[in-house]
Amino acid sequence: MCIRDRARAIYEMNSDLTVAGNIQKIFEVPEHDVLTAGFPCQPFTEKSGDRPRGFRDPRAALFWHIVRILRSCRPKAVSYTHLRAHETPEHLVCRLLLEKKK
């Protein structure tokens, strides 16, 4: 059993929810009032050369899937992992884009 399988089993054991799969491969998300999400901070904190890679890092792509779900489902509330490293110009631009579509 790989770590993802163990993590999924623990999550499902501690909640009444079932993990549907990899969000990068799910395009029909059921209607919901609250979206909870998180994405790796390493692209924004680990140095590659003299600065973090940011959205050039493939691990940061998960952020865009969160944006995709927010735009399509428009939940009433969103809770996501917030780190100082996420306060980059790219994230601020995305926040403005989401607010502009209201």
Side-chain angles (χ1 to χ4, degrees):
M1 180 183 279
C2 76
I3 193 165
R4 288 183 183 159
D5 292 335
R6 289 193 302 263
R8 179 183 303 203
I10 290 168
Y11 178 83
E12 291 177 354
M13 182 176 67
N14 289 312
S15 71
D16 293 332
L17 304 172
T18 301
V19 176
N22 182 340
I23 196 62
Q24 297 175 19
K25 298 176 182 175
I26 297 174
F27 293 94
E28 291 186 26
V29 177
E31 188 175 319
H32 54 278
D33 290 330
V34 179
L35 175 68
T36 59
F39 50 95
C41 66
Q42 292 87 345
F44 307 99
T45 58
E46 288 180 353
K47 299 266 181 176
S48 174
D50 61 343
R51 64 188 179 111
R53 293 178 65 194
F55 285 108
R56 294 172 292 141
D57 188 314
R59 295 173 292 184
L62 188 56
F63 174 79
W64 298 110
H65 291 282
I66 296 168
V67 171
R68 173 177 57 85
I69 293 167
L70 287 171
R71 284 184 171 164
S72 67
C73 298
R74 309 299 290 171
K76 295 176 183 175
V78 179
S79 171
Y80 78 96
T81 305
H82 181 271
L83 301 171
R84 178 68 106 197
H86 293 160
E87 294 179 4
T88 64
E90 293 96 339
H91 282 78
L92 295 175
V93 167
C94 291
R95 187 180 311 155
L96 291 172
L97 286 172
L98 289 170
E99 289 174 358
K100 190 174 182 178
K101 290 209 96 174
K102 286 181 182 178

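Worth knowing before you read on, the calculation uses all heavy atoms, side chains too, and leaves out hydrogens, waters and symmetry mates. For clarity, every value in this text was computed on a predicted model and none was experimentally measured.
The CZ atom of Arg68 lies 9.5 Å from the CG atom of Leu62; values are rounded to the nearest 0.5 Å. Here the straight-line distance linking atom CZ of Phe27 with atom CD1 of Ile69 works out to 9.5 Å at 0.5 Å rounding. To the nearest 0.5 Å, atoms CE (Met13) and CZ (Arg8) are separated by 15.0 Å. Rounding to the nearest 0.5 angstrom, the gap separating the NE2 atom in His65 from the NZ atom in Lys25 is 10.5 Å.
Hydrophobic clustering of Ile, Leu, Val, Met, Phe, Trp and Tyr side chains at less than 4.5 Å, counting indirect connections, keeps Ile23 apart from Tyr11. A single hydrophobic cluster is seen to contain both Val78 and Val67, as judged by linkage of ILVMFWY side chains at heavy-atom distances under 4.5 Å, directly or through other members.
Contact between Val34 and His32 at its shortest, heavy atoms only, is O-CD2, 3.5 Å. Nearest heavy-atom pair, Glu12 versus Leu17, reported as atom, atom and distance to 0.1 Å: CG-O, 3.4 Å. Shown here for Ala60 and Pro43, the closest heavy-atom pair between the two residues is N-CG, 3.7 Å.
For the side-chain contact (heavy atoms from CB on, under 4.5 Å) with Val29, the lone residue among Cys73, Pro75, Ser72 that qualifies is Cys73.
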